[in-house]
Amino acid sequence: MVTMTLHELYEKACRMLEEAGVPDTAYDAFRLIQFITGIDRSDLIAEGERRIDDRQAENCLRLLKKRAGRIPLQHLLGETEFMGLPFSVDPDVLIPRSDTETLVETALEKAAEMQSGKVLDIGCGSGCILISLLHYLNRGSDETLWKGVGSDISPAALRTARINGQRNHQEDLITWVQSDLFDEIPPETYSFIVSNPPYIPSDVIKDLEPEVRDHDPLGALDGGEDGLSIYRKMIPQARRYLEPGGWLIVEIGYDQKEPVRELFTRYRFTGIECRQDLAGLDRVIAGHM
Ligand code: GLN
C-alpha cells in the first residue's frame with residue numbers, strides 16, 4: 001500500500017516521467033492523475049495536502065509506469081482531442097496530431113464558397129479528418145449538405161473510425177470502405193479528396209520517438225524509401241475522382257513541399273498552395289482541378 005498526498009503523488013509522477021525522458025512530463029503527469037482521481041488543475045494548487053485514496057494512488061502509479069515505458073498518453077487514456085472533438089484511439093490507428101488540424105482548416109476554408117458536396121478521405125485511420133470536416137461543414141444546418149467516404153487499407157483502423165463516427169454523431173453521413181488507395185472506392189466524383197498518408201522515409205522510422213516508432217501503426221508511417229511512394233501512387237489517380245474545381249489536399253512531411261508540389265503540377269492540378277503548421281513547418285499541399 002502507498003499512502004500519499006496529492007502533492008507527493010504529482011511530484012513522484014513528474015520525477016518518474018522525467019527520468020524516462022518523456023517530453024511533456026508536467027502535462028502527462030497531471031492528465032494521468034486526473035484520469036484516475038478526477039482532480040482538476042486548481043486542486044493541484046489548493047488541495048495538495050489532500051490524502052489520495054490508496055487504491056487510486058496505486059492505479060495512478062501503474063499508469064505512470066506504463067507512460068514511463070513510453071506508451072503514448074493517448075493510448076493510456078483511450079482517447080484524444082482533435083479539432084475540439086473527442087476521438088477514441090488504440091494501437092490500430094495513428095494518434096491524431098494537432099499538425100493535421102492544418103489540413104482540416106485548409107479544407108474548411110476552401111469549402112466556405114461551396115454549398116454542399118462529398119469528401120473522400122484516403123487512409124482515414126481514426127477518421128479524425130473526415131469526421132471533423134463533416135462536423136464543421138454541416139454545423140448549423142438542418143439538412144445534410146456534406147457527406148463522405150472514409151477508406152483505409154486496415155480493417156482494424158476502420159473499426160475504430162466507425163466508433164469515432166458514432167461518437168461524434170456523423171455515422172449516417174459516412175460510408176466506410178476498406179481499400180488500398182483508390183482500388184475499392186466507388187467510381188464517383190468528390191468535391192474534396194483529403195489524405196494524411198504515410199510519409200516517413202523507411203530508414204528514418206528507427207529514429208522516431210518511441211511513442212511513435214513502437215506504438216503508432218507502421219503502415220500509417222512508412223512512406224517507402226524516400227517517404228514519397230504513396231504520393232506517387234495517389235496523386236495521379238486522384239484526378240479521376242474529383243469534380244471540376246474539386247480539391248486534393250494532403251499532409252506532407254516538413255521537407256516534402258517541393259517534390260509533392262512537383263507531383264501536383266505534373267498531374268495538372270492548379271492553384272497549388274503550401275500551408276504551414278503551428279510550428280511554422282510546411283505541412284499541407286492543396287491543389288484543384
Ligand atoms: N506526422 C507524423 C509523425 O511525424 C507522421 C504521420 C504520417 O506519416 N502521415 O509522427
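All values below come from the heavy atoms of this structure, side chains included, with hydrogens, waters and symmetry mates left out.
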Heavy-atom side-chain contact between [X] and [Y] under 4.5 Å:
X      : Y      : answer
Asn59  : Leu63  : no
Gln256 : Tyr199 : yes
Asp121 : Val149 : no
Cys124 : Trp176 : yes
Ile249 : Ile285 : no
Pro217 : Asp92  : no
Tyr241 : Ile185 : yes
Gln237 : Tyr267 : no

Provide the closest heavy-atom pair for [X] versus [Y] in the form atom of the first, atom of the second, distance.
X      : Y      : result
Glu184 : Gln178 : CG-O, 3.4 Å
Leu64  : Leu17  : O-CD2, 3.8 Å
Arg213 : Leu208 : NH1-O, 3.6 Å
Thr5   : Glu49  : CG2-O, 3.6 Å
Leu242 : Trp247 : CD2-O, 3.5 Å

Could you walk me through whether Thr144 and Asn138 satisfy the side-chain hydrogen bond (donor to acceptor under 3.5 Å, both in side chains) test, starting with their C-alpha distance in whole Å, then the side-chain angles of each, then the deciding distance to 0.1 Å, before giving a yes or no? CA-CA 6 Å; Thr144 297; Asn138 287 317; 5.5 Å; no
Report yes or no: is the cationic atom of Arg41 (NZ for Lys, CZ for Arg) under 6.0 Å from the centre of the six-membered ring of Phe30, at an angle within 45° of the ring normal?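 Yes; both conditions hold, so Arg41 lies above the ring face of Phe30.
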Option from Thr80, Asp216, Asp277 for which side chain to side chain donor-acceptor pair (under 3.5 Å) with Arg97 holds: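 Going through the options one by one, the only one that passes is Asp216.
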Check ion pair [X]-[Y] (N to O, under 4.0 angstrom):
X      : Y      : answer
Arg67  : Asp24  : no
Arg232 : Asp226 : yes
Arg51  : Asp54  : yes
Lys110 : Glu273 : yes
Arg275 : Glu105 : no
Arg70  : Glu209 : yes
Glu262 : Arg266 : yes

Counting N and O atoms only, with roles assigned by atom type, does the side chain of Asn196 sit under 3.5 Å from a partner on the main chain of Glu251, one being a donor and the other an acceptor?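 Not a single qualifying donor-acceptor pair exists.
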Is a donor on one side and an acceptor on the other found under 3.5 Å between the side chain of Glu101 and the backbone of Met83? yes
Where does the angle between the aromatic ring planes of His215 and His75 fall among parallel (under 30°), tilted (30 to 60°) and perpendicular (over 60°)? perpendicular
Is there a path of hydrophobic side-chain contacts, each under 4.5 Å between heavy atoms of I/L/V/M/F/W/Y residues, joining [Y] to [X]?
X      : Y      : result
Leu94  : Leu133 : no
Phe35  : Met4   : yes
Val204 : Val260 : yes

Pick out which of Leu263, Leu228, Ile193 makes a side chain to side chain contact (heavy atoms under 4.5 Å, CB included) with Ile235.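 When Leu263, Leu228, Ile193 are each tested with Ile235, the side chain to side chain contact (heavy atoms under 4.5 Å, CB included) holds only for Leu263.
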For Pro197, all residues meeting side chain to side chain contact (heavy atoms under 4.5 Å, CB included), sequence neighbours excluded: Ser195, Ile230, Tyr231, Met234
